[in-house]
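Written out below as structure tokens is the structure these notes cover.
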Amino acid sequence: MCGRFTRTADVSTLAAAFPGVEFPDGTAPRYNIAPTQPAVVIVEGIGPGAVSPRAVSMVWGLIPHWAKDRKIGHSLINARAETLAEKPSFRTPFRDRRCLVVADGFYEWRKEAGRKVPMYIRIAGGRPFAFAGLWDSWRDGAEEVRTFTIITTASNGLVGAIHDRMPAIIPPDGYAAWLDVSGHRPESVFGLLVPYPSAEMEMFGVSAEVNDPRAEGPGLVVPAGPAWLIS
DNA sequence: CCAGACGTTGTT
DNA sequence: GTCTGG
DNA sequence: CCAGACGTTGTT
DNA sequence: GTCTGG
């Protein structure tokens, strides 16, 4: 699955990785994005006078627009690709509210003799990439809360060494199709929700500091354990 | 018709 | 054990 | 995902 | 909002 990730690239690096997308200035690097926290996502056509596509901030943990309270968001940090089309919480977002979640790595915890060791997984070289995401808007009185979830799929060979699920990563040539919801035909993008190739990724152990959701900073992604090279 | 649920992961 | 907060 | 809390009454 | 269960 995916319960913690990073987005460390600065605005100019992001602009190069996502041509045509404008990123707000002062987007500080994040080394430990946890559920309930805001993150940068790319959507098309939100808000008055929207230039599409655009980067906006949303809170991780999808709260469906019909939810009575925000608690459900805690459970909806991930959505299984296999069942998206049927689940009431995800069906409509999959059709009408898809997004790209901007990231450059994610953490998975490897179980080792009762212990949990955090591993950091990224695209080799560290370029920014995008998780497949869904979003919704929830109203808390006068306040509009935009939230998102990260879609998961089967693991590839690399991540599969520690866990059977991984976030779905959309390759750059799929960005436009994923964001284009104008056809309201999600079947046409379902094929993008496949395991990203192991050969293009790398994974290594990091400090257990990252266990604490309050931890932050570049030290979190320094290799501190075995590099895993499995494909 | 109304009431109530609506989700994922991991572990046992 | 289970829920909330980050 | 992990960390941390998990409760009531009354008084200041 | 939309679906399932009663």
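So that the names make sense, note that chain A is the first sequence line, chain B the second, and so on, each numbered from 1.
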The nucleotide from B/dT9, C/dT4, E/dC3 with an atom nearest the side chain of A/H74 is C/dT4
Would you say a side-chain N or O of A/R165 is under 4.0 Å from OP1 or OP2 of B/dT9?
-> yes
A/K111 has an atom NZ; how far is it from atom P of B/dT9, in whole Å?
-> 13 Å
Could you tell me which non-hydrogen atom of A/F106 sits nearest to which non-hydrogen atom of A/M201, and how far apart they are?
-> CE2-CE, 4.1 Å
Locate the shortest heavy-atom distance separating A/C2 from A/I77; write the atom from each residue and the value.
-> O-CD1, 4.1 Å
Can you check whether A/R70 has a side-chain N or O nearer than 4.0 Å to OP1 or OP2 of C/dT4?
-> no
Using atom CG of A/L76 as one end and atom P of B/dC6 as the other, report the distance to the nearest whole Å.
-> 11 Å
Which pairs count as ring-ring contact (aromatic ring centres under 6.0 Å, His included) when at least one residue sits in residues 199-219 of chain A, sequence neighbours excluded?
-> A/Y120-A/F204
Taking side chain as C-beta onward, heavy atoms only, is A/E143 less than 4.5 Å from A/V145?
-> yes
Tell me what A/D164 touches on the nucleic acid: a base, only sugar-phosphate, or nothing, going by heavy atoms under 4.0 Å.
-> sugar-phosphate
A/W109 near the nucleic acid: base, sugar-phosphate alone, or nothing, with a heavy-atom cut-off under 4.0 Å?
-> sugar-phosphate
Could you tell me whether A/E86 and A/R91 have a side-chain N and a carboxylate O separated by less than 4.0 Å?
-> no
Counting heavy atoms from C-beta on, name the nucleotide in B/dT8, E/dG1, C/dG6 closest to the side chain of A/W66.
-> E/dG1
Looking at every strand, decide which applies to A/T83 at a 4.0 Å heavy-atom threshold: base, sugar-phosphate, or nothing.
-> sugar-phosphate
For B/dT9 versus C/dC3, give the span between their C1' atoms, rounded off to a whole number of Å.
-> 16 Å
Does A/E82 CD have over 12 foreign heavy atoms under 6.0 Å away?
-> yes
Provide a list of protein-nucleic acid N or O atom pairs under 3.5 angstrom, restricted to nucleotides 1-5 of chain B.
none

Distance, rounded to the nearest Å, where A/F5 contributes CZ and C/dG6 contributes C1' | 13 Å
Decide if the gap between the ring center of A/Y175 and the ring center of A/F18 is smaller than 6.0 angstrom.
-> yes
Which part of the nucleic acid, if any, lies within reach of A/H65 when heavy atoms closer than 4.0 Å are counted: base, sugar-phosphate only, or nothing?
-> sugar-phosphate
Quickly work out the A/E86 CD to B/dT8 P distance and round it to whole Å.
-> 10 Å
OP1 or OP2 of B/dT9 less than 4.0 angstrom from a side-chain nitrogen or oxygen of A/T152, does that happen here?
-> yes
Nearest whole angstrom, please: distance from the C1' of B/dT9 to the CD1 of A/I150.
-> 14 Å
Take the protein atom NZ of A/K87 and the nucleotide atom P of B/dG7, then report the distance between them rounded to whole Å.
-> 5 Å
What is the nucleic acid contact for A/T92, judged by heavy atoms within less than 4.0 Å: base, sugar-phosphate only, or nothing?
-> nothing
NA contact type, A/F90, heavy-atom cut-off 4.0 Å: base, sugar-phosphate, or nothing?
-> sugar-phosphate
In whole Å, what separates the C1' atom of C/dG5 from that of B/dA5?
-> 25 Å
If you look at every strand shown and take non-hydrogen atoms under 4.0 Å, does A/T36 touch a base, only sugar-phosphate, or nothing?
-> base
For the pair A/R70 and A/D140, find out whether any cationic side-chain nitrogen is under 4.0 Å from an anionic carboxylate oxygen.
-> yes
Please measure how far the C1' atom in B/dT8 lies from the corresponding atom in D/dC1, and state the result in whole Å.
-> 12 Å
Exactly one of A/L220, A/V221, A/D212 clears side-chain contact (heavy atoms from CB on, under 4.5 Å) with A/N32, and that residue is A/L220
Span that lies between the C1' atom of B/dG4 and that of D/dG7, in whole angstrom = 30 Å
Could you tell me whether the phosphate oxygens of C/dT4, OP1 or OP2, come under 4.0 Å of any side-chain nitrogen or oxygen in A/K71?
-> yes
To the nearest Å, give me how far apart CZ (A/R4) and C1' (C/dG5) are.
-> 12 Å
Please report, rounded to the nearest Å, how far the C1' atom of E/dG1 is from the CG atom of A/D136.
-> 10 Å
For A/I77, which contact category applies under a 4.0 Å heavy-atom criterion: base, sugar-phosphate, or nothing?
-> base
Determine which nucleotide pairs with B/dA5, using a 3.5 Å limit on both distances of a Watson-Crick or G-U wobble pair.
-> E/dT2
